[in-house]
Colleague: 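To start, I am sharing the structure in question, which I have written as structure tokens.
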Amino acid sequence: MIFTKKNLFCLAFTLFCLIRSGEVSAQFYSVRTNLVGLSTGNVNIEGSMALSSHWSVHLPLQYNPFNLWNDGKLKNITVSPGVRYWMRETYGRGCFWGLYGVFSHFNAGGLFGHRYRYQGTAWGGGISVGLVHPLSRRWNLEFELGGGVVWADWERFRCTRCGRRTGKGNGIHVLPTRAAVNLVYLF
């Protein structure tokens, strides 16, 4: 196994969750999927764990191997670990604030009449705000919006399926990095 920064971060995050889980007296866990992401072909799942009555940790993963239409692509594999502060109680009715990191490998293009395809990686972080609406004892519906700062390293190609590379670049971008309507199962 190669110990990259990403692998070490994932290992440290997992160890933190395991060590911290013994200190929580009333644990809650959840698993959720982003319905907005599913509508664009992103297969996604997010696991989370309550650390206290106001804090939780989250690990969303998403993968999109599909072409959207004709030459349209929004292919990616993305991980976005984060923490949330819940205004009332963890997973309860009301608002929350989130702080998260993001890493993505993407291949996107042919969207909205655009003639170029972009391929590369992006990493950064952001903040989010959300609202929770309980549907039942075990089910919640969450709405979340967030924005952040992302460093992207990309190559641009002439069309989505073929073509020569027409440019490459990198830089910092301020972007909307989270838009979610999550269906949540609590256990």
Colleague: Can you list the steps and then say if Arg115 with Arg158 is a side chain to side chain contact (heavy atoms under 4.5 Å, CB included)?
Modeller: CA-CA 7 Å; Arg115 294 183 291 179; Arg158 174 62 64 181; 5.5 Å; no
Colleague: Drop me the distance from Ile127's CD1 to Leu99's CG, to the nearest 0.5 angstrom.
Modeller: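 Answer rounded to 0.5 Å: 8.0 Å.
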Colleague: Check whether any side-chain heavy atom of Arg117 lies under 4.5 Å from a side-chain heavy atom of Asn107, and answer yes or no.
Modeller: yes
Colleague: Is there a path from Ile45 to Leu59 through hydrophobic residues (I, L, V, M, F, W, Y) whose side chains come within less than 4.5 Å of each other?
Modeller: yes
Colleague: Please walk me through it: do Trp154 and Tyr118 pass ring pair (Phe, Tyr, Trp, His ring centres under 6.0 Å)?
Modeller: CA-CA 6 Å; Trp154 51 267; Tyr118 295 87; 5.5 Å; yes
Colleague: Between Leu175 and Ile77, is there shared hydrophobic-cluster membership here, with clusters defined by ILVMFWY side-chain heavy atoms closer than 4.5 Å?
Modeller: no
Colleague: Check step by step if side-chain hydrogen bond (donor to acceptor under 3.5 Å, both in side chains) holds for Arg138 and Ser136.
Modeller: CA-CA 5 Å; Arg138 295 275 183 197; Ser136 69; over 6 Å; no
Colleague: Under 3.5 Å, is there a donor-acceptor pair between the Asn42 and Asn76 side chains?
Modeller: yes
Colleague: Would you please test Asp153 and Thr121 for side-chain hydrogen bond (donor to acceptor under 3.5 Å, both in side chains) and show each step?
Modeller: CA-CA 5 Å; Asp153 188 15; Thr121 58; 5.0 Å; no
Colleague: For a quick check under 3.5 Å, do Ser48 and Tyr91 share a side-chain donor-acceptor pair by atom type?
Modeller: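 Yes, a side-chain donor-acceptor pair sits under 3.5 Å.
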Colleague: Can you tell me which residue among Val184, Leu183, Leu131 is in a side-chain contact (heavy atoms from CB on, under 4.5 Å) with Glu142?
Modeller: Val184
Colleague: Heavy atoms only: give me the nearest Trp86-Ser56 pair and the separation to one decimal.
Modeller: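 Where Trp86 meets Ser56 most closely, the heavy atoms are NE1-OG, 2.8 Å.
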Colleague: Side chain to side chain contact (heavy atoms under 4.5 Å, CB included) for Leu35 and Asn182? Distances and angles first, verdict last.
Modeller: CA-CA 6 Å; Leu35 302 176; Asn182 292 319; over 6 Å; no
Colleague: Determine whether more than 12 heavy atoms belonging to other residues, nucleotides or ligands lie under 6.0 Å from atom CG of Leu38.
Modeller: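 Yes, the 6.0 Å shell around CG holds more than 12 heavy atoms from other groups.
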Colleague: So if I apply the side-chain contact (heavy atoms from CB on, under 4.5 Å) rule between Tyr100 and each of Ser80, Pro60, Pro81, which one comes out positive?
Modeller: Ser80
Colleague: So which heavy atom on Ala108 is nearest to which on Leu74, and how close?
Modeller: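 Where Ala108 meets Leu74 most closely, the heavy atoms are CB-CD1, 4.0 Å.
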Colleague: Please round to the nearest 0.5 Å and tell me the distance separating atom CZ of Arg32 and atom CD of Glu46.
Modeller: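 Output value for this atom pair is 4.5 Å.
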Colleague: Output the distance between atom CD (Gln119) and atom CZ (Phe106), rounded to the nearest 0.5 Å.
Modeller: 8.5 Å
Colleague: For residues Thr78 and Ser104, report the shortest heavy-atom separation together with the two atoms involved.
Modeller: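 Shortest heavy-atom contact: OG1-OG, 2.8 Å.
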Colleague: Between Tyr29 and Leu186, is any pair of side-chain heavy atoms under 4.5 Å apart?
Modeller: no
Colleague: Can you list the steps and then say if Glu89 with His54 is a side chain to side chain contact (heavy atoms under 4.5 Å, CB included)?
Modeller: CA-CA 5 Å; Glu89 65 177 328; His54 290 283; 5.5 Å; no
Colleague: Is any side-chain heavy atom of Asn170 closer than 4.5 Å to one of Trp151?
Modeller: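 Contact flag for Trp151/Asn170 side chains = yes.
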Colleague: Please say yes or no: joined through hydrophobic side-chain contacts below 4.5 Å, possibly via intermediate residues, are Met87 and Leu51 part of one cluster?
Modeller: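 Linked within one cluster.
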Colleague: Treat each ILVMFWY residue as a node, draw an edge where side-chain heavy atoms are under 4.5 Å apart, and state whether Val43 and Val31 are in one component.
Modeller: no
Colleague: Heavy atoms only: give me the nearest Lys75-Pro65 pair and the separation to one decimal.
Modeller: CE-O, 3.3 Å
Colleague: Measure from the side-chain N and O atoms of Ser53 to the backbone N and O of Thr90, and report whether any donor-acceptor pair falls under 3.5 Å.
Modeller: no
Colleague: Could you walk me through whether Gln62 and Asn34 pass the side-chain hydrogen bond (donor to acceptor under 3.5 Å, both in side chains) test, one step at a time?
Modeller: CA-CA 9 Å; Gln62 73 181 26; Asn34 180 353; 5.5 Å; no
Colleague: Under the side chain to side chain contact (heavy atoms under 4.5 Å, CB included) rule, what do Phe66 and Lys73 come out as? Steps first, then yes or no, please.
Modeller: CA-CA 7 Å; Phe66 310 111; Lys73 291 182 181 185; over 6 Å; no
Colleague: Grab the two heavy atoms, one from Val150 and one from Ala122, that are nearest each other, plus how far apart they are.
Modeller: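 It is CG1-CB, 3.5 Å.
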Colleague: Does Arg156 count as lying over the ring of Tyr116, i.e. NZ or CZ under 6.0 Å from the six-ring centre, within 45 degrees of the axis?
Modeller: yes
Colleague: Does Tyr85 reach the side chain of Val83, with side-chain heavy atoms less than 4.5 Å apart?
Modeller: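 Sidechains of Val83 and Tyr85: no contact.
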Colleague: Same cluster for Val174 and Ile172 if Ile/Leu/Val/Met/Phe/Trp/Tyr side chains link at under 4.5 Å?
Modeller: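 Both belong to a single hydrophobic cluster.
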Colleague: List the steps and the verdict of ring pair (Phe, Tyr, Trp, His ring centres under 6.0 Å) for Phe103 and Trp123.
Modeller: CA-CA 4 Å; Phe103 175 80; Trp123 58 271; 8.5 Å; no
Colleague: Might you work through the salt bridge (charged side-chain N to carboxylate O under 4.0 Å, His left out) test for Arg84 and Glu144, ending with a clear yes or no?
Modeller: CA-CA 11 Å; Arg84 286 185 183 168; Glu144 184 178 16; 2.9 Å; yes
